[in-house]
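In what follows, a structure is listed as structure tokens, so that the remarks can point back to it.
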Amino acid sequence: MKEKISTLLSQVEAFNASSLEELEAFRIKYLSKKGLIPALFDDFRTVAPEIRKEMGQLLNALKNTAQERIVALRENMEVATQETKSDKDLTLPSMASLGTRHPLSIVRSEIIDIFARIGFTISEGPEIEDDFHNFTALNFPEEHPARDMQDTFFIEKNPDLALRTHTSSVQVRVMEKNQPPIRTISPGRVFRNEAISARAHCIFHQVEGLYVDTNVSFADLKQTLFYFAKELFGEHTQIRFRPSYFPFTEPSAEMDVSCNICGGSGCNICKYTGWVEILGCGMVDPAVLEACHINSEKYTGFAFGMGIERITMLKYQINDLRLFFENDVRFLRQFKSAF
Ligand code: DAH
């Protein structure tokens, strides 16, 4: 009997089924009422008492092994059928579609690249800024409207702190830490308490530029920005400067580029003027240099600041600023770039 049990045990252990039918045939052969294992239980009745205990244990073990084998094989088969039934297409490449870079990131990288080629470094500053770096050091008079609650998001618990309203605050931080020559650009997010519309948003992006050295003149400013405009919008781009006012530059100007859509002949993007404004700029006010411990007798500098959204809208003819923040993939998918 012992031999019979061990033969059956090795058969059971070696058994494998490739279909539910085979599994059922196995169950019938070994475990059904007239199967091989119950037959051994019948024989067991006549076993000599001295080996009964041992035989009983072996028989039970055989029966359990056979039952467990059936359960295990059935489970394997169910998992396998679920996998083949699933609607996953296993022949698809593992990365079904590659994402694209956000248009604002593309243009930011392009701007950085253009200035890096003429020796500008990149610097960054905090988005939560104190009054000194955002306003006072930049020569904003105490009663300047930009300090007003209308424009600035203040931090409730500390009236000295606010979300920076422009990246010009980074100029101050760079000049505090470094003596000229300084040649740097500062890309970053800025915040203003504006109602959201097609033309305005409470969060947007700017790039600030700063160049301080001996003998820096307005001619250097013009030539640098002319180079920039041609690199960004194309070789035939023209620029023009209009007098303006910023507390931190003197003289100050706004720079227009010839409309890259109509080439200057007039369209609704340039409101039929042939020109579109892209940035503010000027010679760094000596008071700003002094506030940052730079000798204004010895050094002069120029600065400029531009909005990345505005430039991206012009470059790609996008007419609603809100599209940048909605993350609709149908919009984002259209932008392909080397950057
Ligand atoms: N900070 C200005 C703004 O947010 C932009 C600007 C104008 C920056 C003139 C400059 C500048 O550095 O010289 O509107």
Side-chain angles (χ1 to χ4, degrees), residues 108 111 115 120-127 129 131-141 144-148 150-153 162-176 180 182-194 199-213 216-226 228-229 239-257 276-289 291-292 294 296 299-311 321:
R108 184 189 51 196
I111 295 171
F115 283 105
F120 280 73
T121 59
I122 299 172
S123 39
E124 284 181 339
E127 291 181 344
E129 195 48 285
D131 179 274
F132 178 77
H133 292 93
N134 199 75
F135 295 125
T136 303
L138 288 164
N139 211 23
F140 278 83
H144 196 284
R147 293 178 178 228
D148 201 292
Q150 303 268 303
D151 285 304
T152 309
F153 287 115
L163 298 180
R164 68 178 175 199
T165 57
H166 53 178
T167 43
S168 302
S169 55
V170 187
Q171 272 191 34
V172 178
R173 291 193 173 270
V174 171
M175 288 193 281
E176 275 175 335
I182 294 170
R183 211 183 310 174
T184 191
I185 53 166
S186 320
R189 271 200 304 191
V190 300
F191 309 84
R192 278 185 211 173
N193 194 357
E194 303 247 15
R199 299 176 61 85
H201 209 287
C202 55
I203 302 178
F204 53 102
H205 300 78
Q206 288 187 333
V207 177
E208 182 79 13
L210 176 70
Y211 191 167
V212 186
D213 204 343
V216 177
S217 70
F218 205 97
D220 298 319
L221 165 64
K222 276 170 110 174
Q223 205 53 45
T224 305
L225 293 177
F226 189 33
F228 165 70
I239 56 167
R240 75 173 184 188
F241 289 79
R242 286 176 290 104
S244 185
Y245 172 77
F246 300 102
F248 35 91
T249 42
E250 180 58 36
S252 304
E254 274 165 330
M255 188 179 95
D256 299 342
V257 291
V276 281
E277 184 209 319
I278 65 158
L279 54 81
C281 58
M283 300 306 291
V284 181
D285 193 303
V288 175
L289 296 174
C292 303
I294 288 180
S296 63
Y299 297 111
T300 51
F302 66 72
F304 55 88
M306 64 188 98
I308 303 182
E309 277 79 0
R310 180 161 176 76
I311 291 185
L321 195 82

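In listed order, ligands and their atoms are each counted from 1. Just the heavy atoms: all of them, side chains too, but no hydrogens, waters or symmetry mates, feed the values below.
Residues meeting the side chain to side chain contact (heavy atoms under 4.5 Å, CB included) test with Arg199, sequence neighbours left out: Ser197, Lys271.
Glu309 places a side-chain N or O within donor-acceptor distance of the main-chain N or O of His205, the cut-off being under 3.5 Å.
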For residues 218-225, tabulate all N or O donor-acceptor pairs below 3.5 Å that involve a side-chain atom, not counting sequence neighbours.
| residue | atom | partner | partner atom | Å |
| --- | --- | --- | --- | --- |
| Asp220 | OD2 | Ser217 | N | 2.8 |
| Asp220 | OD2 | Ser217 | OG | 3.4 |
| Thr224 | OG1 | Asp220 | O | 2.7 |

Please set out all donor-acceptor pairs under 3.5 angstrom arising from side-chain atoms of residues 301-308, sequence neighbours excluded.
none

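With ring centers used as reference points, Phe246 lies 6.0 Å or more from His166.
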List of N/O pairs, ligand 1 versus protein, all under 3.5 Å?
| residue | atom | partner | partner atom | Å |
| --- | --- | --- | --- | --- |
| ligand 1 | 1 (N) | His166 | ND1 | 3.0 |
| ligand 1 | 1 (N) | Ser168 | OG | 3.0 |
| ligand 1 | 4 (O) | Arg192 | NH2 | 2.8 |
| ligand 1 | 4 (O) | Gln206 | NE2 | 2.9 |
| ligand 1 | 12 (O) | Gln171 | NE2 | 3.3 |
| ligand 1 | 12 (O) | Glu208 | OE2 | 2.5 |
| ligand 1 | 12 (O) | Phe304 | N | 3.3 |
| ligand 1 | 12 (O) | Phe304 | O | 3.4 |
| ligand 1 | 13 (O) | Ala303 | O | 3.2 |

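The number of heavy atoms from other shown groups lying within 6.0 Å of CD (Glu127) is above 12.
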